[in-house]
Chemist: 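My questions will all concern the structure given below.
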Amino acid sequence: MTSTVPNAVQHADAQQPPITMFGPDFPYAYDDFLAHPAGLGQVPATEHGTEVAVIGGGLSGLVAAYELMKMGLRPVVYEADRIGGRLRTVGFEGPGTEGLTAEMGAMRFPPSSTALQHYIDLVDLKTQPFPNPLAEATPSTVVDLKGESHYAETVDDLPQVYRDVAAAWNKCLEDGADFSDMNQAMRERDVPRIREIWAKLVEKLDNQTFYGFLCDSEAFKSFRHREIFGQVGFGTGGWDTDFPNSILEILRVVYTEADDHHRGIVGGSQQLPLRLWDRAPEKIVHWPYGTSLAQLHPNGEPRPAVTRLHRTAGNGITVTDADGDIRTYRAAVFTAQSWMLLSKIACDDSLFPIDHWTAIERTHYMESSKLFVPVDRPFWLDKAVDDSGNPTGRDVMSMTLTDRMTRGTYLLDDGPDKPATICLSYTWCDDSLKWLPLSANERMEVMLKSLGEIYPKVDIRKHIIGNPVTVSWENEPYFMGAFKANLPGHYRYQRRLFTHFMQDRLPEDKRGIFLAGDDISWTAGWAEGAIQTALNAVWGVMHHFGGATDATNPGPGDVYDEIAPVELPED
């Protein structure tokens, strides 16, 4: 593992099976399900061509639509903004910036995301190492706290206190969360053991914050250590903005190595949903060979934003869109941020049971902002000199973690002589909200001033060749934030949302609409979770239409009773 404060996974034997996002809440092998030659299942021939509404054209919606199309159903995709959702890749304006891109949403993906990798491979995309703090792909990292900077090419270059904090985090995980046992169980896909460990931890820790978990550990009795850990963290950097969230959210990340060994998608992550939209599957039922989602939609475009959802006679799901078009479906998959059902979309209460409405209403989102600038070349690889002009052996600028307003600065290039990109700032929650009133240029000016204090000899501005691009996800018209993050006590709400695809347990008049997407996932913020819930919804729609999986490849609903998430008492 290459991280600023390494976690306990470092000691794992390289000969052991790899960690994947297999659990811990629902230990189902989605990667095996996707790879099986029998496919994901089939619906009766009498249902072929039946329309299914898919609301939201992000990764979850496109995966659901693609797999439903392969079964012979006709997905009708609705998208309010653009295909891709939070897989959003943009370019820059101006000469010299051609080919440069900025990842405004998801930009780094762990190898443990094996279902995601299935689709990356399916559409022939390539990945490359992402330059996280102290990653092998990162030439150097500067940690700047309280006005003091430390230059490092490996973690051993940092002062001893950082290794002390790393050791404290390892001990905290081991003592408070059975890390080694869970790590081994997940590598071996030992379902009974995973469920046994996790059931105890859910019951014990559901009401605990991330910060409280640290404070309860003997290893983190030092406030200074907690402060450094919050600023520098592990994997991608500081995690103090997550301190108020449930510790269960963090354990899911470290158990599944979601924050380790990240890779970026060459050319931008938005290519994945866009290619799924245009891709004709090799194997498809009912539709002519060569059929794609784009071909099933007039003019190759999704339907516009959904403005109303309600139930009609015969348990129909009636959808009204921004063009005023009204269509009724026997099944629908909703993949947008669930809080949209309480804000942008007019809904009637009969869509979901009241307990599910409560869970939707309690959804807690993480704000996030980024700002990128295009530069003439990767000047940061130039070697620094001291005041006497002698070489120091250091890069003039590095991937930077700081307690200043920029928080995280990432340096992205495709070679020494080509234009490049800097993510001047990547922030979360309160840090993100501080940028909200400022325009892109105003943000850039503050960021350049902040970075100028860390690198007083570096004139970043003289290398900028185009206008900055920025995003604040909490301010985007069809998003409520970057992604969901559960607060303490929210486990029961998350369970209701994730298990919604098992609709035999619902009254008949509450069936037919299936929740999927990042909000419904146990691992919000990671594309793998969006895919897993899309596959759950595909199984749910198939089952709803009287279909079934092949006996040799049971789906998530077929084995649900054996691996169902822990159910905490409500009284």
Side-chain angles (χ1 to χ4, degrees), residues 81-82 84 86-108 130-132 138 142 144 236-237 241 264-265 267-270 366-382 396-415 418-456 458-477 479 481-482:
D81 188 10
R82 68 196 85 182
R86 276 161 288 178
L87 297 188
R88 181 186 295 182
T89 308
V90 304
F92 297 91
E93 294 182 357
T97 65
E98 298 85 358
L100 291 179
T101 59
E103 296 280 46
M104 308 309 284
M107 66 179 182
R108 48 194 174 186
F130 187 86
N132 275 328
T138 307
V142 164
D144 174 78
T236 54
T241 50
I265 294 178
S269 63
Q270 193 172 354
M366 298 275 284
E367 302 89 356
S368 179
S369 69
K370 289 181 180 178
L371 185 138
F372 291 83
V373 292
V375 294
D376 56 356
R377 63 182 183 87
F379 63 87
W380 47 85
L381 297 177
D382 296 349
V396 297
M397 186 176 172
S398 308
M399 188 281 144
T400 308
L401 293 177
T402 181
D403 52 5
R404 302 175 199 264
M405 289 239 338
T406 47
R407 293 307 303 265
T409 297
Y410 297 83
L411 311 174
L412 308 158
D413 71 270
D414 290 321
K418 300 178 180 179
T421 306
I422 303 178
C423 177
L424 285 180
S425 177
Y426 189 10
T427 61
W428 301 95
C429 297
D430 289 354
D431 290 329
S432 177
L433 291 175
K434 293 166 186 171
W435 295 113
L436 194 56
L438 304 182
S439 69
N441 281 308
E442 288 172 328
R443 295 181 187 195
M444 181 180 70
E445 292 302 321
V446 177
M447 292 169 190
L448 291 176
K449 180 178 183 297
S450 181
L451 289 168
E453 293 165 351
I454 303 172
Y455 303 103
V458 180
D459 186 355
I460 299 173
R461 187 189 305 278
K462 77 174 184 180
H463 294 283
I464 296 174
I465 59 174
N467 291 322
V469 293
T470 193
V471 68
S472 291
W473 283 101
E474 58 273 19
N475 201 40
E476 289 294 288
F479 297 87

Chemist: At what distance, to the nearest 0.5 angstrom, does CD1 of I460 lie from OG1 of T409?
Modeler: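 That separation rounds to 7.5 Å.
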
Chemist: Considering the options L424, N467, T470, L100, which one meets the side-chain contact (heavy atoms from CB on, under 4.5 Å) requirement together with V373?
Modeler: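 Only match with V373 under side-chain contact (heavy atoms from CB on, under 4.5 Å): L424.
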
Chemist: Measure the spacing between CE of M399 and CG of L412 and express it to the nearest 0.5 Å.
Modeler: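 One finds 10.0 Å between CE of M399 and CG of L412.
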
Chemist: Walk me through it: do E476 and R88 pass the test side chain to side chain contact (heavy atoms under 4.5 Å, CB included)?
Modeler: CA-CA 12 Å; E476 289 294 288; R88 181 186 295 182; 2.7 Å; yes

Chemist: Mind checking side-chain hydrogen bond (donor to acceptor under 3.5 Å, both in side chains) for T421 and listing every partner two or more places apart, or none if nothing turns up?
Modeler: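 Once residues adjacent in sequence are excluded, T421 has no partner under the side-chain hydrogen bond (donor to acceptor under 3.5 Å, both in side chains) criterion.
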
Chemist: So, does W473 use its side chain to make a donor-acceptor pair with the main chain of M104 at under 3.5 Å?
Modeler: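 Yes, the answer is positive, given that a donor and an acceptor are paired below the 3.5 Å cut-off.
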
Chemist: Inspect the surroundings of CD in E93 and state if more than 12 heavy atoms from other residues, nucleotides or ligands are less than 6.0 Å away.
Modeler: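 No, the 6.0 Å shell around CD holds no more than 12 heavy atoms from other groups.
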
Chemist: Do M107 and Y426 have side chains that get closer than 4.5 Å, going by heavy atoms?
Modeler: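 In contact.
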
Chemist: Treating R86 as the side-chain partner and A482 as the backbone partner, does any N or O pair qualify as donor plus acceptor under 3.5 Å?
Modeler: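 Such a contact is found between R86 side chain and A482 backbone.
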
Chemist: Do D382 and R377 make a side-chain contact, defined as non-hydrogen atoms from C-beta onward lying under 4.5 Å apart?
Modeler: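 Yes. Closest side-chain heavy atoms under 4.5 Å.
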
Chemist: For L87, does its backbone N or O pair with a side-chain atom of S269 as donor and acceptor, under 3.5 Å?
Modeler: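 Not a single qualifying donor-acceptor pair exists.
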
Chemist: Do you know which two heavy atoms are closest between V469 and G91, and how far apart they sit?
Modeler: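 What the structure gives for the nearest pair is CG1-O, 3.9 Å.
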
Chemist: Please answer whether the main-chain N or O of C423 pairs with a side-chain N or O of K370 as donor and acceptor at a distance below 3.5 Å.
Modeler: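 Flag not set: sc K370 to bb C423 has no pair under 3.5 Å.
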
Chemist: What pair of heavy atoms forms the shortest contact from E442 to P437, and how long is it?
Modeler: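 Shortest heavy-atom separation between E442 and P437 comes out as OE1-O, 4.2 Å.
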
Chemist: Quick check for you: to the nearest 0.5 Å, what is the distance between F379 atom CZ and D459 atom CG?
Modeler: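 Interatomic distance, F379 CZ to D459 CG, rounded to 0.5 Å: 8.5 Å.
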
Chemist: Taking all heavy atoms of M444 and all of P468, pick out the closest pair and write down the distance.
Modeler: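 Where M444 meets P468 most closely, the heavy atoms are SD-CG, 4.0 Å.
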
Chemist: Please name the pair of heavy atoms, one in V396 and one in Y455, separated by the smallest distance, quoted to 0.1 Å.
Modeler: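 Closest approach of V396 to Y455: O-CD2, 3.5 Å.
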
Chemist: Could you give me the CA-CA distance, side-chain angles and deciding distance for K449 and E445, then say whether salt bridge (charged side-chain N to carboxylate O under 4.0 Å, His left out) is met?
Modeler: CA-CA 6 Å; K449 180 178 183 297; E445 292 302 321; over 6 Å; no

Chemist: Sub-3.5 Å donor-acceptor pair from the side chain of R407 to the main-chain atoms of T402, do we have one?
Modeler: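 Flag set: sc R407 to bb T402 pair under 3.5 Å.
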
Chemist: Taking E474 for the side chain and S368 for the main chain, is one N or O donor matched with an acceptor at less than 3.5 Å?
Modeler: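 The answer is yes, because a donor-acceptor pair under 3.5 Å joins these two groups.
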
Chemist: Heavy atoms only: give me the nearest V375-I465 pair and the separation to one decimal.
Modeler: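 Shortest heavy-atom contact: O-CD1, 3.7 Å.
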
Chemist: Sub-3.5 Å donor-acceptor pair from the side chain of T89 to the main-chain atoms of Q270, do we have one?
Modeler: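 Side chain of T89 to backbone of Q270: a pair is present.
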
Chemist: List for me each residue that meets side-chain hydrogen bond (donor to acceptor under 3.5 Å, both in side chains) alongside S472, sequence neighbours excluded, and say none if there are none.
Modeler: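 With sequence neighbours excluded, S472 shows a side-chain hydrogen bond (donor to acceptor under 3.5 Å, both in side chains) to R443, given in chain and number order.
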
Chemist: Between F130 and Y410, is the ring centroid distance below 6.0 Å?
Modeler: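 Yes; Y410 has its ring centre under 6.0 Å from that of F130.
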
Chemist: To the nearest 0.5 Å, tell me how far N475 CG sits from L436 CG.
Modeler: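 Output value for this atom pair is 5.0 Å.
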
Chemist: Indicate whether the side chain of T427 and that of S369 have a donor and an acceptor atom separated by less than 3.5 Å.
Modeler: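 Note: T427 and S369 side chains meet the donor-acceptor criterion.
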
Chemist: Is T241 reaching over with its side chain to a backbone N or O of W428, donor-acceptor style, under 3.5 angstrom?
Modeler: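 No, because the side chain of T241 does not come within donor-acceptor range (under 3.5 Å) of the backbone of W428.
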
Chemist: Contact between W435 and L371 at the side-chain level, heavy atoms closer than 4.5 Å - yes or no?
Modeler: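 They are not in side-chain contact.
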
Chemist: To the nearest 0.5 angstrom, please state how far the CE atom of M397 sits from the CG atom of L411.
Modeler: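 One finds 5.0 Å between CE of M397 and CG of L411.
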
Chemist: What's the separation between atom OG1 in T406 and atom CG in L401, rounded to the nearest 0.5 Å?
Modeler: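 So the OG1 of T406 and the CG of L401 are separated by 9.5 Å.
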
Chemist: Applying side-chain hydrogen bond (donor to acceptor under 3.5 Å, both in side chains), name anything that partners K434, two or more places apart in sequence or on another chain.
Modeler: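 So K434 forms a side-chain hydrogen bond (donor to acceptor under 3.5 Å, both in side chains) with D431.
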
Chemist: Taking all heavy atoms of P419 and all of G96, pick out the closest pair and write down the distance.
Modeler: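 For P419 and G96, the tightest heavy-atom pair comes out as CG-O, 3.6 Å.
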
